[in-house]
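First comes the structure, then the notes that go with it.
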Amino acid sequence: MNLKQLEYFVAIVEEGQVTAAARRLHISQPPLSYELAQLERELGCKLVHRGPRGVTPTDAGRLLYERAAHILAMATATAREVSSVGRGLTGTACLAVCAGAAGLVPSARLRELAGSESVSFEVREGSVPAVIELVTSGIAEVGVVRTPFASTGLRCRYAPSEPLVAVMPPSMETGGELEVSLEELVSSPLICDRRLSERVGHALATRHLELRLACVTEDERTTCAWAAAGLGVGLVPRSMLRVCDTGEQFIKTVTEKDLETRAAVIWKADRALTTLAERVVALLGELG
C-alpha cells in the first residue's frame with residue numbers, strides 16, 4: 001500500500017461511487033478502478049460491494065477506511081510540522097476544539113495571529129475524547145477541551161471556572177430572577193450533552209432526586225437550539241451564550257458549584273511544539 005492508494009480508497013468510500021471519487025480526485029475512472037483492484041489483490045480480500053447505485057465498504061473495507069483516514073491525517077500533520085520547523089510564526093496551525101469551547105475559541109488575542117497573512121488555521125471539532133485523541137495521536141498539535149477529562153500524558157493550561165446556565169422556555173421558568181438551583185430544575189424536562197447528563201444525574205442522586213431528561217445531545221449548540229424550540233430547559237456553560245441564539249428564553253445561572261467547568265488548552269507532554277504552536281498555546285492560555 002502507498003499513500004496515493006489510501007487517498008483513492010478514502011475518496012471512493014466517502015463518495016460512494018468510483019465515478020464521483022474520480023471527479024473529486026481530478027483523474028479518470030479507469031486508473032481509479034485499477035488501483036482499487038490492485039489494493040484488493042494486495043490485501044487478499046474484497047474491500048467494497050459493487051452495485052448498480054455505487055459501492056459500499058465491506059467489513060474489511062470499513063476497517064481500512066478508518067485506518068487510512070487516520071494515516072492520511074498523520075501524513076498531512078507530519079508534512080505541515082516538518083515544513084514549519086525553523087520558519088517561525090508562519091505556516092498552518094492545526095487546532096482541535098470541543099463543542100463546549102465554541103464560545104471561547106477563537107479568543108480576541110488569537111484573532112491577532114489569525115490576521116497574519118503568513119498564518120492559517122486548520123480547525124477540527126469533536127467530543128472531548130475525540131479532541132484528546134487528535135492531540136495524542138499527533139494530528140493536532142494543540143487542543144481545547146472542557147473539564148472533566150483525563151490529563152495523563154498531556155500538558156494543560158486552564159481557564160477560570162465557569163458556571164452552567166439554564167436556558168428556560170417561558171412556560172418552564174422557575175427559580176429566582178437571575179439564578180436557579182438544581183433542586184428547582186427537577187420539575188422541568190432537561191436538555192444537556194451526554195457527559196453533563198451523567199454529572200447532573202449523579203448530583204441529583206446524592207439528594208435522592210431523579211433526573212428527568214427531555215433530550216441528550218452531543219453538542220452544546222444543539223442543546224441551546226432544542227431549548228430555544230421550547231422542548232426543555234437546556235444546561236450549557238455560560239460562554240456558549242456567545243455563539244448560540246437562545247431567542248426569548250430566560251437565562252439563569254445554575255447555583256451548583258460541583259457542576260462548574262473549566263476550559264483547558266492541551267498539548268502532548270512529551271512533544272516539542274513548533275514555534276507557531278507555542279504562540280497559539282500562549283494566546284489560547286487567556287481564554288475566558
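- For E14, the salt bridge (Lys or Arg N to Asp or Glu O under 4.0 Å) test picks out R24, with sequence neighbours left out.
- Qualifying side-chain hydrogen bond (donor to acceptor under 3.5 Å, both in side chains) partners for E256, counting only residues two or more places apart in sequence or in other chains: R207.
- For residues 45-63, the set of pairs meeting the salt bridge (charged side-chain N to carboxylate O under 4.0 Å, His left out) definition, not counting sequence neighbours, comprises E40-R50, D59-R62.
- Heavy-atom minimum distance, E248 versus P170: O-CG, 4.0 Å.
- By the rule that hydrophobic residues join a cluster once side-chain heavy atoms approach within less than 4.5 Å of another member, W267 and Y158 end up as members of separate clusters.
- Considering only residues two or more places apart in sequence or on other chains, R67 meets the salt bridge (Lys or Arg N to Asp or Glu O under 4.0 Å) condition with none of them.
- Closest approach of A150 and I132 over heavy atoms only: O-CD1, 4.1 Å.
- Scanning for salt bridge (Lys or Arg N to Asp or Glu O under 4.0 Å) contacts around E35 gives an empty result, with sequence neighbours left out.
- Grouping Ile, Leu, Val, Met, Phe, Trp and Tyr by side-chain contacts under 4.5 Å, direct or through others, puts V48 with M1, L3, L6, Y8, F9, V10, I12, V13, V18, L25, I27, L32, L36, L39, L43, L47, V55, L64, Y65, I71, L72.
- With sequence neighbours excluded, the residues satisfying side chain to side chain contact (heavy atoms under 4.5 Å, CB included) with A214 are P189, I191.
- Scored by the side-chain hydrogen bond (donor to acceptor under 3.5 Å, both in side chains) test, R195 finds no partners at all (sequence neighbours excluded).
- Among residues two or more places apart in sequence or in another chain, the side-chain hydrogen bond (donor to acceptor under 3.5 Å, both in side chains) test is passed with Q17 by none.
- Shown here for H49 and T58, the closest heavy-atom pair between the two residues is NE2-CG2, 3.5 Å.
- In this structure, M172 belongs to a hydrophobic cluster whose other members, linked by side-chain heavy atoms under 4.5 Å apart, are L164, M168, V180, L182, L185, V186, L190, L196, V200, L204, L209, L211, L213, V216, V233, L235, F250, V254, L259.
- With E184 as the partner, the side chain to side chain donor-acceptor pair (under 3.5 Å) test is satisfied by one option alone out of S187, S181, S188: S181.
- Residues T206 and H202 are in side-chain contact: their nearest non-hydrogen atoms beyond the backbone lie under 4.5 Å apart.
- In this structure, S107 contributes its side chain and L104 its backbone to no donor-acceptor pair below 3.5 Å.
- Under the rule for a salt bridge (Lys or Arg N to Asp or Glu O under 4.0 Å), the partners of E218 that lie at least two apart in sequence or sit in another chain are R194.
- Counting heavy atoms from C-beta outward, E141 and C94 have side chains that stay 4.5 Å or more apart.
- Annotation: side chain of R262 is not in contact with side chain of E162 (no heavy-atom distance under 4.5 Å).
- Qualifying side-chain hydrogen bond (donor to acceptor under 3.5 Å, both in side chains) partners for E173, counting only residues two or more places apart in sequence or in other chains: K252.
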